[in-house]
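Numbers here are sequence positions counted from 1. All ligand and atom numbering here is 1-based and tracks the order in the structure.
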Amino acid sequence: MKEKIDALLKEVERFEAKTAEELEAFRLRMLSKKGAIPSLFQDFRHVEPEARKEIGRLLNELKQTATLKLQVLKSGLEDQASGQETLDSKPDMTMPAVFNPIGSRHPLSVVRNKINTIFEKIGFVISEGPEIEDDWHNFSALNFPEEHPARDMQDTFFVEKQPDIALRTHTSSVQVRVMENQQPPIRTISPGRVFRNEAISARAHCIFHQVEGLYIDEGVSFADMKQILLYFAREMFGEQTRIRLRPSFFPFTEPSAEMDVSCNICGGPGCPICKYSGWIEVLGCGMVDPNVLDNCGIDSKKYTGYAFGMGIERITMNIYQVKDLRMFFENDLRFLNQFTSAL
Ligand code: PHE
């Protein structure tokens, strides 16, 4: 009896099951009603009384070991089965990657960045200032006479009256701040959002964007300005671009001019884009009025300078042939998605 128990115990300990079927066969052989272990319990009746205690203990141990082994092997096989499932549902690393769609920069940002880079390359630094301005920085320091129509409610969004606080109508206000805080040489461009009380149409909006430039040093001339503007036009619209300057008026520059560039669509002869003139108006410019320099604490006897300002919307409309300026503000994805390849 004792040998039989020992032999079965060894068999139980050695047993390994690779499949559920093997395990079930083991259970039937060892633990089922007619299995080896219950049969030994049957035979227990014939064991001599002196040996009963020991044999009984051994028998119980054998049963416990077999039952435990059965449980352990069973849960091991179950883990394996569910492990197999997780392995199958893991991503297939050999599949081609699915790329997330890339967003696009807003066309106005694309063009603003390009303008910034063109001027940064020749030593201009970017300056920024507040969108809500006082009368001094937006108008008075810039030589606007008290009764100038641009100060009128028609053009300006006032936030407060007396003292006048308004949404800036141009980023020349930023340049006033630069001149007040810095002595020449000054080379700066001021990109930013500006506001004018205008009726919204395909060609005008009450919010738009500008880049204005300012250069002040000893002996700066109109010819210097013309050269820098020609450089800008060629970088922006292409090597073949020509420019022309027409006399104009701004309170803060004297003399003042408007700059046109040769039409980048027809190249000169005339087309619907340039309204058959061959030229496209791009920016305002001029020599900084000595009054402005003096207002900002810069000696107008010693220094001269030029300034220029352009609307980003108008240039963007021209480059991408956008017919309606309101598209820039609608955030319609069908429009914006067309600029994914732009920088
Ligand atoms: N500040 C002018 C505007 O808003 C543009 C400009 C800037 C013109 C500098 C001349 C010189 O229209």
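Ring-centre distance between His170 and Phe250: not below the 6.0 Å cut-off.
Atom CD1 of Ile122 is surrounded by more than 12 heavy atoms from other residues, nucleotides or ligands within 6.0 Å.
Taking a cut-off of under 4.0 Å to the non-hydrogen atoms of Ser172, the atoms of ligand 1 that pass are 1 (N). For ligand 1, the atoms closer than 4.0 angstrom to any heavy atom of Phe308 are 7 (C), 9 (C), 11 (C). Interface of Phe250 with ligand 1, defined as ligand atoms under 4.0 Å from a residue heavy atom, comprises 8 (C), 10 (C). Within ligand 1, counting atoms from 1 as listed, the ones closer than 4.0 Å to a heavy atom of Ala307 are 9 (C), 11 (C).
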If you apply the rule salt bridge (Lys or Arg N to Asp or Glu O under 4.0 Å), what do you find for Arg177 with Glu133, and how did you get there? CA-CA 11 Å; Arg177 290 179 179 276; Glu133 267 296 6; 2.8 Å; yes
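Side-chain contact check for His46 and Asp43: no donor-acceptor pair (N or O, by modelled atom type) lies under 3.5 Å.
Between Thr304 and Leu293, the shortest heavy-atom contact is CA-CD1, 4.4 Å.
The residue from Met259, Gln210, Glu212, Glu258 that puts a heavy atom closest to atom 1 (N) of ligand 1 is Glu212. Comparing heavy-atom distances from atom 12 (O) of ligand 1 across His170, Arg196, Met310 singles out Arg196 as nearest.
Asn143 places a side-chain N or O within 3.5 Å of a backbone atom of Pro251 that can act as its donor or acceptor partner.
Neither the backbone nor the side chain of Met225 has a heavy atom within less than 4.0 Å of ligand 1. Residue contacts with ligand 1, taken as heavy atom pairs separated by less than 4.0 Å, involve Phe252 solely via side-chain atoms from C-beta onward. In Ser256, neither the side chain nor the backbone holds a heavy atom less than 4.0 Å from any atom of ligand 1.
The side chain to side chain donor-acceptor pair (under 3.5 Å) with Ser172 is formed by just one residue from the set Glu212, Gln210, His137; it is Glu212.
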